[in-house]
Amino acid sequence: MKTIVICGATATGKSDLAVSLANEIDAEIINADSMQLYRGMDIGTAKLTAAERGGIPHHLLDVLDVTEDATVAWYQSAARDAISDIHARGKNTVIVGGTGLYIKAILDDLNFPDTDPLVRERLNKEAEDFGVAKLFERLQLLDPAAAAAINIQNVRRVIRALEVIEITGQPFTANLPREDSSKYPDAMQFGLVMDREKLTERIDARVDLMWERGLVAEVDALIAEGITKATTARRALGYAQVISMRSGEISEELAKEETKRATRQYARRQETWFSRDARIQWISPIQPRLETVLEKINSRSK
RNA sequence: GGCGGGUUGCCCGAGCGGCCAAUGGGAGGGGACUGUAAAUCCCCCGGCUCUGCCUUCGAAGGUUCAAAUCCUUCACCCGCCA
């Protein structure tokens, strides 16, 4: 059974390609977008409507309330279970999304050590009270390799490293493995690219459309459901901006502009992330996407 | 018409005779990345034949060994008085 990944920056047209591809190769789709996991976050995440999904079953889509926080570890096992299930039913799998770490967590041999809210909370408090420098010093002592790889300013990562060391008694692996640890050696990854100017245009247009379609109302509904108390969902592009607009911090016009700006920056980070995975086969903007992907898949299976 | 304040690099905004190509922030570009990843963090950011040189701080003159910083005139913007 095939495992195909469609990745790339936001607004490059991944979702549509995934559906048409799934149709062609008798596949089901697994969402690899950290924000499309949430129910009710539809307009702002550019989630495909039921009609647009064209009857293709989508997994890991609409599976969490906005008050629940997704984590990579949870996603990893849920996604792998979904793949096993799909393959067991004799279908192929298409994984689509822009969350690089999530895709990598599925494909590669990443083991996420446990987490402990209490330990984390204590470390957080320590960082606030005494500063990260203090914590970083400890990290240097306990795990020089991790300290060398993590920037002292990156509080979140310093804390996580210390948390892992404390819970497991083992050093923290601070670097992701590169391409040599695949759990699904037959998986094929395809990346969609677009030149910056074109992408910026598409992002701007998409954000305008989100507003027209009622993003503000969507966020209002989620605020009522408690999204502001969540730690993950409320940071989503567009949602964070509308939330701060509703709290009176910024105007609606600014919220919209900021959403476009933040989305542009996000797209850049995505490109950086995906660009380091040599396994990805990039589909250039001038190539017919579906045809090119099908061709590559077929030539591989021969 | 009179008096006062302002004009700084793509934008906002410090600087107020030498240590200034000029603090900060934003935008833009590059990069990192193992339980918040649409997150978090780092680097670059006038030009060049790049341990130095050249062109920048509204414009044009001037003072000085030396000016974004002082003086003069002009242009535009802002406030108060008419």
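The chains referred to below are lettered A, B, ... by the order of the sequence lines, with proteins before strands, and numbering in each begins at 1. This is a predicted model, so every value here is computed, not measured. Just so you know, these numbers use all the heavy atoms, side chains as well, and skip hydrogens, waters and symmetry mates.
- For A:Gln153, counting side-chain heavy atoms from C-beta on, the closest listed nucleotide (B:A38, B:C42, B:G28) is B:C42.
- Between B:G9 and B:G5, the distance separating the two P atoms is 22 Å to the nearest Å.
- Between A:Tyr38 atom OH and B:A37 atom C1' there is a gap of 11 Å when expressed in whole angstrom units.
- When each of B:U36, B:A38, B:G30 is scored by its nearest atom to the side-chain atoms of A:Arg196, the top-ranked nucleotide is B:G30.
- Interface remark: the A:Asn154 side chain does not form any donor-acceptor pair with the B:A32 base, using a distance-only criterion of under 3.5 Å.
- A:Ala149 comes within 4.0 angstrom of nothing in the nucleic acid, heavy atoms only.
- The side chain of A:Arg264 has B:A27 as its nearest neighbour among B:A37, B:A27, B:U40.
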Grab the N/O contacts between the protein and nucleotides 10-13 of chain B below 3.5 Å, and write none if there aren't any.
none

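- Taking atom P in both B:G24 and B:G4, the straight-line distance is 35 Å, to the nearest Å.
- For A:Val164 and A:Glu258, each mapped to the nucleotide of RNA chain B holding its nearest heavy atom, the one lying further toward the 5' end belongs to A:Glu258.
- Across all their heavy atoms, A:Gln241 and A:Ile250 have their closest contact at O-CD1, 3.7 Å.
- Contact annotation for A:Gly100: no contact, since no heavy-atom pair falls under 4.0 Å across all strands.
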Strand RNA chain B as a dot-bracket string - pairs counted if Watson-Crick or G-U with both distances under 3.5 Å, | where the partner lies in another strand: ((((((((.[[[..)..(.....]]].(((((.......))))).(((...)))...[[[[[..)....]]]]]))))))).
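- Per the geometry, CZ belonging to A:Arg269 stands 16 Å off P belonging to B:C43, to the nearest Å.
- A:Trp273 comes within contact range of at least one nucleobase, with a heavy-atom separation under 4.0 Å.
- Remark: the separation of the C1' atoms in B:C44 and B:A21 is 15 Å, to the nearest Å.
- Atom CD in A:Glu271 sits about 14 Å away from atom P in B:A38, given to the nearest Å.
- At a threshold of 4.0 angstrom between heavy atoms, the contacts of A:Tyr102 are confined to the sugar-phosphate backbone, with no base atom among them.
- A:Met188 and A:Ile95 fall into different hydrophobic clusters, where Ile, Leu, Val, Met, Phe, Trp and Tyr are joined by side-chain heavy atoms under 4.5 Å apart, directly or via other members.
- Checking A:Glu68 against A:Tyr38 by side-chain atom types alone, no donor-acceptor pair falls below 3.5 Å.
- Only the P atoms considered, B:A14 is 31 Å distant from B:A82, to the nearest whole Å.
- B:G46 and B:G79 have their C1' atoms separated by 35 Å, given to the nearest Å.
- Residue A:Thr99 is classed as a sugar-phosphate contact, given heavy-atom separations below 4.0 Å to backbone atoms only.
- One distance of note links CZ of A:Arg206 with NZ of A:Lys260; it measures 13.5 Å at 0.5 Å rounding.
- Of all nucleotides listed (B:G31, B:A37, B:A38), B:G31 comes nearest to the side chain of A:Thr272.
- Under 3.5 Å, the side chains of A:Thr115 and A:Glu163 contain a donor-acceptor pair of N or O atoms.
- Heavy atoms of A:Ala240 sit nowhere under 4.0 angstrom from any nucleic acid atom.
- Comparing A:Glu163 and A:Ala46 along RNA chain B, the residue whose closest nucleotide (by nearest heavy atom) sits nearer the 5' end is A:Glu163.
- As rounded to whole Å, 14 Å separates atom C1' of B:A37 from atom CG of A:Asn31.
- Although no hydrogens or angles enter the test, the distance criterion places no donor-acceptor pair under 3.5 Å between the side chain of A:Lys256 and the main chain of A:Asp208.
- Note on A:Tyr75: nothing from the nucleic acid sits closer than 4.0 angstrom, heavy atoms only.
- Ionic pairing of A:Asp85 and A:Arg89 is present here: one or more N-O contacts between side-chain nitrogen and carboxylate oxygen are shorter than 4.0 angstrom.
- The nearest whole Å value for the distance from the CG atom in A:Leu37 to the C1' atom in B:U36 is 13 Å.
- When heavy atoms are screened at a 4.0 angstrom cut-off, A:Thr45 is found touching base atoms of the nucleic acid.
- Residue A:Arg160 is in base contact, counting any heavy-atom pair closer than 4.0 Å across all strands shown.
- What you find for A:Ala27 and A:Ile56 is that their closest heavy atoms are O-CG2, 3.6 Å.
- Heavy atoms of A:Asp69 sit nowhere under 4.0 angstrom from any nucleic acid atom.
- Residue pairs meeting the ring-ring contact (aromatic ring centres under 6.0 Å, His included) criterion with at least one member in residues 89-128 of chain A, sequence neighbours excluded, are A:Tyr75-A:Tyr102.
- Across B:G18 and B:G13, the matching P atoms stand 24 Å from one another, rounded to whole Å.
- For the pair A:Arg261 and A:Glu258, the salt-bridge criterion is met [side-chain N within less than 4.0 Å of a carboxylate O].
- For the C1' atoms, the distance linking B:G17 with B:U63 amounts to 11 Å, nearest Å.
- Taking the P atom of each, B:G26 and B:C77 are spaced 32 Å apart, rounded to whole Å.
- In this structure, the CD atom of A:Gln265 is 16 Å from the C1' atom of B:A37, given to the nearest Å.
- Within 4.0 Å of A:Ser34, counting heavy atoms only, lies at least one base atom of the nucleic acid.
- Salt bridge status for A:Asp186 with A:Lys2: absent, with no side-chain N to carboxylate O gap under 4.0 Å.
- Between the OG1 atom in A:Thr259 and the CG atom in A:Asp204 there is a gap of 11.0 Å [rounded to 0.5 Å].
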